[in-house]
Amino acid sequence: QVQLVESGGGLVQPGGSLRLSCAASGSIVSINSMGWYRQAPGKQRELVAGITSGGRTKYADSVKGRFTISRDNAKNTVYLQMNSLKPEDTAVYYCDADILRVGALVFLQYWGQGTQVTVSS
């Protein structure tokens with residue numbers, strides 16, 4: 001019943017900006033940490049940014065100073081503001097969240113379907 005839906009991906013030129021959104025919905029009791037991962041062709045999925053329920057953040061070294069993660073707990077939504085985009089940022093971006101759903105005894109990690117971000121001129 002729980003799902004994460006990403007939006008905001010697309011094609012952007014180098015140096016441009018893009019904002020990704022991920023909204024969680026369903027029979028949710030609570031959400032702990034949320035984050036963004038990305039996977040480029042031929043590479044493993046890597047953590048881009050994470051944020052705790054209290055607002056503490058962490059970033060991959062490759063995106064520090066360019067990306068900003070934030071969340072709106074009232075809307076069960078996490079955002080990723082991406083500035084100064086580079087071609088190497090091209091990847092499928094996935095939202096993840098640790099969620100306690102109705103009827104569950106523990107928090108489980110859920111994943112969105114992914115959204116394509118392409119940085120090219």
Note to self: If the condition is ring pair (Phe, Tyr, Trp, His ring centres under 6.0 Å), which residues does Tyr37 pass it with, not counting sequence neighbours?
What the structure shows: Trp111

Using residues 1-11 as the side-chain source, report each donor-acceptor pair under 3.5 Å to any protein atom, sequence neighbours left out, with the distance given to one decimal.
from	atom 1	to	atom 2	distance (Å)
Glu6	OE1	Gln113	N	2.9
Glu6	OE1	Gln113	NE2	3.3
Glu6	OE1	Gly114	N	2.9
Glu6	OE2	Cys95	N	2.8
Glu6	OE2	Gly114	N	3.2

Checklist line | Residues forming a side chain to side chain donor-acceptor pair (under 3.5 Å) with Thr118, sequence neighbours excluded | finding: Gln116

Check: Taking a hydrophobic cluster as the set of Ile, Leu, Val, Met, Phe, Trp and Tyr residues connected by side-chain heavy atoms closer than 4.5 Å, whether directly or through intermediates, do Phe107 and Tyr110 fall within one such cluster?
Finding: no

Notebook entry, point to check: How would you list, by chain and number, every residue that makes a salt bridge (Lys or Arg N to Asp or Glu O under 4.0 Å) with Lys64, sequence neighbours excluded?
Noted result: Asp61

Margin query: Quick test of your reading: applying salt bridge (Lys or Arg N to Asp or Glu O under 4.0 Å), list the pairs with at least one residue in residues 97-120, sequence neighbours left out, ordered by first then second residue.
Written below: none

Checklist line | Pairs involving residues 19-36, ordered by first then second residue, that meet salt bridge (Lys or Arg N to Asp or Glu O under 4.0 Å) (sequence neighbours left out) | finding: none

Next item on the list: Could you tell me whether the side chain of Arg71 and the main chain of Thr52 form a donor-acceptor pair under 3.5 Å?
Entry: yes

Check: Tell me the disulfide bond (SG atoms under 2.5 Å apart) pairs involving residues 28-65, sequence neighbours left out?
Finding: none

Margin query: Looking at every non-hydrogen atom in both residues, tell me the closest pair between Ser53 and Ile31 and how far apart they are.
Written below: CB-O, 4.1 Å

Margin query: Strictly by disulfide bond (SG atoms under 2.5 Å apart), give each pair with a member in residues 56-87 just once, sequence neighbours left out.
Written below: none

Checklist line | Hphob cluster co-occupancy, Val92 + Val119, side-chain heavy atoms under 4.5 angstrom | finding: no

Next item on the list: State, yes or no, whether a side-chain contact exists between Cys22 and Tyr94 at a heavy-atom distance under 4.5 Å.
Entry: no

Margin query: Could you measure the distance from the NZ atom of Lys58 to the CD1 atom of Ile69? Nearest 0.5 Å is fine.
Written below: 10.0 Å

Notebook entry, point to check: What is the minimum heavy-atom distance between Pro14 and Ser121, and which atoms define it?
Noted result: CD-N, 3.7 Å

Item checked: Pairs touching residues 47-73 that satisfy ring pair (Phe, Tyr, Trp, His ring centres under 6.0 Å), sequence neighbours left out -> none

Scan the side chains in residues 78-86 for donor-acceptor partners under 3.5 Å anywhere in the protein, sequence neighbours excluded, and list what turns up.
from	atom 1	to	atom 2	distance (Å)
Gln81	NE2	Asn83	OD1	3.0
Asn83	OD1	Ser17	OG	2.9

Next item on the list: Return yes if some donor-acceptor pair links the side-chain N/O of Asp72 with the main-chain N/O of Thr77 below 3.5 Å, else return no.
Entry: no

Next item on the list: Treat each ILVMFWY residue as a node, draw an edge where side-chain heavy atoms are under 4.5 Å apart, and state whether Val12 and Leu20 are in one component.
Entry: yes

Next item on the list: To the nearest 0.5 Å, tell me how far Leu100 CG sits from Ser27 OG.
Entry: 11.5 Å

Next item on the list: Sequence neighbours left out, what passes side chain to side chain contact (heavy atoms under 4.5 Å, CB included) with Val106? Give chain and number order.
Entry: Leu108

Item checked: Qualifying residues under salt bridge (Lys or Arg N to Asp or Glu O under 4.0 Å), relative to Arg38, sequence neighbours excluded -> Glu46, Asp89

Margin query: Are Trp36 and Leu18 linked, directly or through intermediate hydrophobic residues, by side-chain heavy-atom contacts shorter than 4.5 Å (ILVMFWY only)?
Written below: yes

